[in-house]
**Student:** 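My structure is below; once you've seen it, I'll send some questions.
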Amino acid sequence: MAKRTLVRAAALLGAASLALAGCSSDSDSSSDSAEGTSNGTTTVTTDCEPDQATAGATPVTTPLRIGTLLPETGSLSFLGPPMVAGTRLGVDDVNAAGGVLGQPVELVTGDSGDTTTDTANATVDRELAAGTQVIVGAASSSVSLKVLDKIVSAGVVMFSPANTSDQFVCYPDKGMYFRTAPTDVLQAQALSQLIAEDGAQRVSVIALNDPYGTGLAANTVDNLVEAGIPEDQIQKIIYDPNAQSFNAEVDQIRDFAPDAVALIGFEESAKIITRMHEVGIGPSDGMHVYGVDGNMGNALGENIAPGLLAGMRGTTPLTDVGPEFQARLKVVDPGLIDYNYAGESYDAVVISALAAEQAKSTAGVDIAANINDVTKDGTKCTSYQQCLDLLRNGENIDYDGITGELSFVDAGEPGIGSYGNLLFGPDNTLTTEGFIVVGES
């Protein structure tokens, strides 16, 4: 497909947060341009005809039960609150409009934990036993991969608000897996555009070794080449995120002498940037350093020496959800300080409810067979109530959610991605300087 890239300016907005979209312990494809570390990996393809769900012959009209599989404990627990709040608010709004098929939606909450525990499996077992037809989660790609087969084999929709790994595009999911977060194929376009527009000519790309990191790194390199940077002027380094030290990798970057560095990582990014500063190539030393959704957050600023992040830029899936939505989230959880993926979580709930209404059934397979359809090619609507009224009048709908235009493609994911153009200031806090909107057509 031909790619189109759009950019729209925006006024300075508030701080954006750290969002861990594709954390995983599995490996993906990687090879090095110029110097770097090679790792044994497997190739992920996105060239396929994704599975599609087929509606059942007999509608089911029992109440819709939505489970959550979101990080309340473990290393990813800092990501949970905005997603939990967004999910709860979505259920509240659906129920305020009369629920689904005239019955209130029931919310069954659950913890995903992280990849070091079996919390996710225990939560899924409990929620399947409770009769959920949709499970919202997980945040981590690797956690999702641990339970995906179990969920879809039970005829239940799995709907992640934060998975971005390319692995899900062609995964044999029976057409039952969906996500409101755009794939990293799109984030790579946004990140590469940001780097190229700043005039970089020699770039180091350093990424953690998991499906999220290696996939985003590979796509970023491809897009930088498409933007006109010669392949021999791009260095790719894949690292073990559990390593005790990243000195060797940072020394490789210094020796390559780039004019820009793209760092694709999670909380270990603080150690890497600290080491970069020690050898004189950190963002506060004048190096153009770029991050992604896994590290572009205020949590990073809290875990690194004051001022070291000044000037670092990057991208994260982000839309201008506006102060009204944020205020409503604060009512649900007054302790919220970040909002990333709250809108995606909210939209996952509303889309699922609208799909059930269109199907006139709460069976998981019937919901799945209608999810893509309610996000495109119909009369535009922007709230559950507005869309519900259109459906009940016999109209096809195109739900444009809190996160904006969705237009799901066959793989059950947005065909358009909106990313914040983020900047760390001298106080190690983030501002959003604008938005980069990318898509495929």
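Atoms considered below: every heavy atom in the structure, side chains included; atoms not considered: hydrogens, waters and symmetry mates.
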**Student:** Quick one: does Ile195's side chain get under 4.5 Å of Asp198's, heavy atoms only?
**Tutor:** no

**Student:** Roughly how far, to the nearest 0.5 Å, is CG of Asn340 from OG of Ser345?
**Tutor:** 10.5 Å

**Student:** Does NZ or CZ of Arg313 lie under 6.0 Å from the centre of the six-membered ring of Phe424, at an angle within 45° of the ring axis?
**Tutor:** no

**Student:** Do Ser383 and Gln385 have side-chain atoms, one donor and one acceptor, less than 3.5 Å apart?
**Tutor:** no

**Student:** For the pair Ser140 (side chain) and Ser142 (backbone), establish whether a donor and an acceptor sit closer than 3.5 Å, ignoring hydrogens and angles.
**Tutor:** yes

**Student:** Side chain of Ser165, backbone of Gln167: donor and acceptor closer than 3.5 Å?
**Tutor:** yes

**Student:** List the steps, then state whether side chain to side chain donor-acceptor pair (under 3.5 Å) holds for Tyr171 with Asp149.
**Tutor:** CA-CA 10 Å; Tyr171 193 91; Asp149 290 342; 2.7 Å; yes

**Student:** Is there a side-chain contact between Pro71 and Met83 (heavy atoms, below 4.5 Å)?
**Tutor:** yes

**Student:** What are the two closest non-hydrogen atoms of Thr274 and Ala270, and how far apart are they?
**Tutor:** OG1-O, 2.8 Å

**Student:** Check the pair Met312 / Leu423 against side-chain contact (heavy atoms from CB on, under 4.5 Å), numbers first and verdict last.
**Tutor:** CA-CA 6 Å; Met312 181 174 175; Leu423 174 68; over 6 Å; no

**Student:** Has the side chain of Ser204 got a donor or acceptor atom that lies under 3.5 Å from a matching backbone atom of Val261?
**Tutor:** no

**Student:** Is a side-chain donor or acceptor of Ser192 paired with a backbone partner of Gln189 at a separation under 3.5 angstrom?
**Tutor:** no

**Student:** Counting N and O atoms only, with roles assigned by atom type, does the side chain of Asn95 sit under 3.5 Å from a partner on the main chain of Pro104, one being a donor and the other an acceptor?
**Tutor:** no

**Student:** For Pro50, does its backbone N or O pair with a side-chain atom of Asp410 as donor and acceptor, under 3.5 Å?
**Tutor:** no

**Student:** Does the side chain of Ser284 come within less than 4.5 Å of His277's, by heavy atoms?
**Tutor:** yes

**Student:** Answer whether the closest heavy-atom distance between the side chains of Met276 and Arg254 falls below 4.5 Å.
**Tutor:** no

**Student:** Just wondering, do Gln235 and Val205 contact through their side chains at under 4.5 Å, heavy atoms?
**Tutor:** no

**Student:** Might you point out which heavy atoms bring Ala310 and Pro426 nearest each other, and give the distance in Å?
**Tutor:** CB-CA, 3.8 Å

**Student:** Any non-hydrogen side-chain atom of Lys174 less than 4.5 Å from a side-chain atom of Ser153?
**Tutor:** yes

**Student:** Asn209 and Pro241: which non-hydrogen atoms are nearest, and at how many Å?
**Tutor:** N-CD, 4.0 Å

**Student:** State whether a side-chain donor-acceptor pair under 3.5 Å links Asn163 with Tyr212.
**Tutor:** no

**Student:** Any luck finding a side-chain donor-acceptor pair between Lys150 and Asn121 under 3.5 Å?
**Tutor:** yes

**Student:** For residues Val437 and Ser418, report the shortest heavy-atom separation together with the two atoms involved.
**Tutor:** CG2-OG, 4.2 Å

**Student:** Could you tell me whether the side chain of Arg202 and the main chain of Phe256 form a donor-acceptor pair under 3.5 Å?
**Tutor:** yes

**Student:** Give a yes or no answer on whether the side chain of Asp347 reaches the backbone of Ile402 with a donor-acceptor pair at less than 3.5 Å.
**Tutor:** yes

**Student:** With rounding to the nearest 0.5 Å, note down the distance linking OG1 in Thr220 to CG in Leu191.
**Tutor:** 4.5 Å

**Student:** Check whether any side-chain N or O of Asp92 sits under 3.5 Å from a backbone N or O of Leu89 as a donor-acceptor pair, and report yes or no.
**Tutor:** no

**Student:** Going through the checks in order, is the side chain to side chain donor-acceptor pair (under 3.5 Å) test met by Thr382 and Asp400?
**Tutor:** CA-CA 5 Å; Thr382 57; Asp400 286 355; over 6 Å; no

**Student:** How close do Leu318 and Thr432 get, heavy atom to heavy atom, and via which atoms?
**Tutor:** CD2-OG1, 3.8 Å

**Student:** Would you please indicate if the ring centroids of Phe435 and Tyr419 are separated by under 6.0 Å?
**Tutor:** no

**Student:** Less than 4.5 Å apart, any side-chain heavy atom of Ile416 and any of Val438?
**Tutor:** no

**Student:** Would you say the side-chain atoms of Asp166 and Asn219 include a donor-acceptor pair closer than 3.5 Å?
**Tutor:** yes

**Student:** Hey, mind stepping through Val108 and Thr68 against side-chain contact (heavy atoms from CB on, under 4.5 Å) and telling me if it holds?
**Tutor:** CA-CA 6 Å; Val108 182; Thr68 61; over 6 Å; no

**Student:** For the rings on Tyr339 and Phe325, is their centre-to-centre separation under 6.0 Å?
**Tutor:** no

**Student:** For a quick check under 3.5 Å, do Thr316 and Asp293 share a side-chain donor-acceptor pair by atom type?
**Tutor:** no

**Student:** As an exercise, state the distance from OG of Ser269 to CG of Leu263, rounded to the nearest 0.5 Å.
**Tutor:** 4.0 Å

**Student:** Which value, rounded to the nearest 0.5 Å, describes the distance between Leu300 atom CG and Glu268 atom CD?
**Tutor:** 10.0 Å

**Student:** Run the salt-bridge test on Arg275 and Glu278 with the 4.0 Å N-O cut-off and return the result as yes or no.
**Tutor:** yes

**Student:** Ring centres of Phe168 and Tyr177 under 6.0 Å apart?
**Tutor:** yes

**Student:** Determine the sole option in Thr117, Thr119, Thr73 for which the side chain to side chain donor-acceptor pair (under 3.5 Å) test with Asp111 is passed.
**Tutor:** Thr73

**Student:** Is there a donor-acceptor contact under 3.5 Å from the side chain of Thr180 to the main chain of Glu344?
**Tutor:** yes

**Student:** Would Tyr384 and Tyr399 count as a close aromatic pair, with their ring centres under 6.0 Å?
**Tutor:** no

**Student:** Does a sphere of radius 6.0 Å around NZ in Lys146 hold more than 12 heavy atoms from other residues, nucleotides or ligands, not counting ones at 6.0 Å or beyond?
**Tutor:** yes

**Student:** I want to check something: taking the side chain as every heavy atom from C-beta on, are His288 and Asp259 in contact at a cut-off of under 4.5 Å?
**Tutor:** no

**Student:** Are Lys380 and Asp398 ion-paired here, with the side-chain N under 4.0 Å from a carboxylate O?
**Tutor:** yes

**Student:** Aromatic rings Tyr239 and Phe246: how do their planes relate, parallel, tilted or perpendicular, breaks at 30° and 60°?
**Tutor:** perpendicular

**Student:** Quick one: pull up CD1 in Ile135 and CG in Leu70 and give me the separation to the nearest 0.5 Å.
**Tutor:** 10.5 Å

**Student:** Passes side-chain contact (heavy atoms from CB on, under 4.5 Å), Thr109 versus Arg88? Steps please.
**Tutor:** CA-CA 9 Å; Thr109 60; Arg88 289 186 180 275; 3.4 Å; yes

**Student:** Hey, could you give me the CE/CG distance between Met296 and Leu430, rounded to the nearest 0.5 Å?
**Tutor:** 5.0 Å

**Student:** Which atoms form the tightest heavy-atom contact between Val349 and Val91, and what is the distance?
**Tutor:** CG1-N, 3.7 Å

**Student:** Tell me, with the steps shown, if Phe178 and Ile351 meet side-chain contact (heavy atoms from CB on, under 4.5 Å).
**Tutor:** CA-CA 10 Å; Phe178 300 85; Ile351 291 168; over 6 Å; no

**Student:** Do Gln187 and Asp184 pass the side chain to side chain donor-acceptor pair (under 3.5 Å) test, and can you show the C-alpha distance, the side-chain angles, and the key distance before you say yes or no?
**Tutor:** CA-CA 5 Å; Gln187 180 163 202; Asp184 281 326; 3.1 Å; yes

**Student:** Do Glu127 and Thr123 pass the side chain to side chain donor-acceptor pair (under 3.5 Å) test, and can you show the C-alpha distance, the side-chain angles, and the key distance before you say yes or no?
**Tutor:** CA-CA 6 Å; Glu127 293 185 353; Thr123 296; 5.8 Å; no

